[in-house]
Colleague: 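Take a look at the following structure, please.
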Amino acid sequence: MELEFYGAAREVTGSCHILRINGKTVLLDCGMFQGKRSDSEQKNRTLPVPISEIDSVVLSHAHIDHSGRLPYLIAEGYTKTIWATAATRDLSAVMLADSAHIQEKDAEFLAKRKKEFIEPLYGTRHSVRTMELMVAVPYNKPFDVVPGVQGCYVDAGHILGSASVILDCVENGRQRRLVFSGDVGRSGLAIIRDPVPPKGAHELIMESTYGDRDHESVDGARARLAQVVRDTASRGGRILIPAFAVGRTQEIIYNLHSLIRESAIPSIPIYVDSPLAIDTTTVFEMHPETFDQTEDMVRKVRELFDFPLIHFTRTVEESKALAHINGPMVIIAASGMAEAGRILHHLALGASDPRNTILIVGFQAEHTLGRRIVERSPILKIFGEEVPLRANVEIINGYSAHADRTELAKWLDAVKAGSPELSAVHLVHGEPHAQDALKTTLVAKGYNVSCPEPHTRVAF
Ligand SMILES: [Zn+2]
Ligand SMILES: [Zn+2]
């Protein structure tokens, strides 16, 4: 049996690892490469292996950097099974439809500029077909991936439906347990259950996104959120939150809901101004079986995302009308790095008002508007106009959906405690500086660690 590292190798996006066993080939994830357009365009249009060789796909979770190229496989002729948890399947239906729409719009835009036909990476019909091939399996219940490989999903605690994957492999009578961490979440994150480190691993593929830093505590993040809302409301300002549609948005809604119930923040209206976030919130509501029943509010409250102060604005008219409402309010809108989406309209209008707060709750990549806000650049460029940044800027890192350096090491220690025969740890899904830092930490603890480059092959 052999592993080949393909995507998210020495980088964060494009998650895809190839398992070859008994003459069969299995893909773990098939994610979109994101980043500089020219580089990622080329990578996204290159297949990891010829379609005819792929026998099965096992998906860890619905984030586009893990699932985004599945419709491309379908466009190229893939017709076999894609495994996922039930919540991942439902989230993927929403997110891949959105992704297909973006691909079609992008191609249209490029075609106009270049004055030639541009084939989108894939279209809506491919995202629909992807869902037909996606088979949902419950957590902790084994499923047959290909002959000689049995899969099993356990909680990864990262986003709704997210999983670490256990693959029990048998070849020529030899048994090995391969574990793929998927993206590992933080313990104590609201709503979803905490990560469950798998046991009995021989070979481990592990994410390393935040391998070089620690986050603030989950409780600390919630307390700071309350403080930001109180301060801004007392000035009569707006709290503008750029947020990813999946995960972050629901965490913030849930926290605001619980803070209102405790009267820890004033009763001001909360607007979720993103159709995709509204749809993904609906998927959350469909999967209470995945919620963390140790949390007080999860046990006591039936409608976690629906309460009198919250408003979901779906249409463009409803979104525009927010500009004419006076008084303090919270507006949560995509995109998470303020590169696109409705948050841009709210920032164009609100960034110059010192009563307002722009609240950053997620990672902001270089060259994004979100990063310039974090750096408190005095002038922002929005829709080609210069907007002075006079609003208060607050950054809360505790809402990260990823385990930090300490939490990753703790997760691995727990895997090791249940895996006396663990022989190798392969770090993926991290920028080189984060991976190298984590590798140093883990090697010092006695682990055999590698940071494989793309196309590295490992027999196990
Ligand atoms: Zn993820
Ligand atoms: Zn990821």
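What you see below is based on every heavy atom in this structure, not just the backbone, and it leaves out hydrogens, waters and symmetry mates. Just follow the structure's listing: the first ligand is 1, and inside any ligand the first atom is 1.
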Colleague: Could you check whether Thr313 and Asp273, counting side-chain N and O atoms only, form a donor-acceptor pair closer than 3.5 Å?
Modeller: yes
Colleague: Suppose you place the vertex at the Zn ion (ligand 2); what is the angle out to His66 NE2 and Asp65 OD2, to 10°?
Modeller: 90°
Colleague: Find, among atoms of His61 that are N, O or S, the one nearest to the Zn ion (ligand 1), and state its name.
Modeller: NE2
Colleague: For N/O/S atoms only: which one belongs to His158 and is nearest the Zn ion (ligand 1)?
Modeller: NE2
Colleague: Could you check Gln150, Arg177, Gln175 and say which one makes a side chain to side chain donor-acceptor pair (under 3.5 Å) with Asp168?
Modeller: Arg177
Colleague: Below 2.8 Å, can you find an N, O or S atom of His63 next to the Zn ion (ligand 1)?
Modeller: yes
Colleague: Is the side chain of Gln250 donor-acceptor paired with the backbone N or O of Ala245 at a distance under 3.5 Å, no angle test?
Modeller: yes
Colleague: Please check if the number of heavy atoms outside Phe109 that lie under 6.0 Å from its CZ is greater than 12.
Modeller: no
Colleague: Under 2.8 Å from the Zn ion (ligand 1), can any N, O or S atom of Asp183 be found?
Modeller: yes
Colleague: Within a 6.0 Å radius of atom CZ on Arg314, are there more than 12 heavy atoms belonging to other residues, nucleotides or ligands?
Modeller: yes
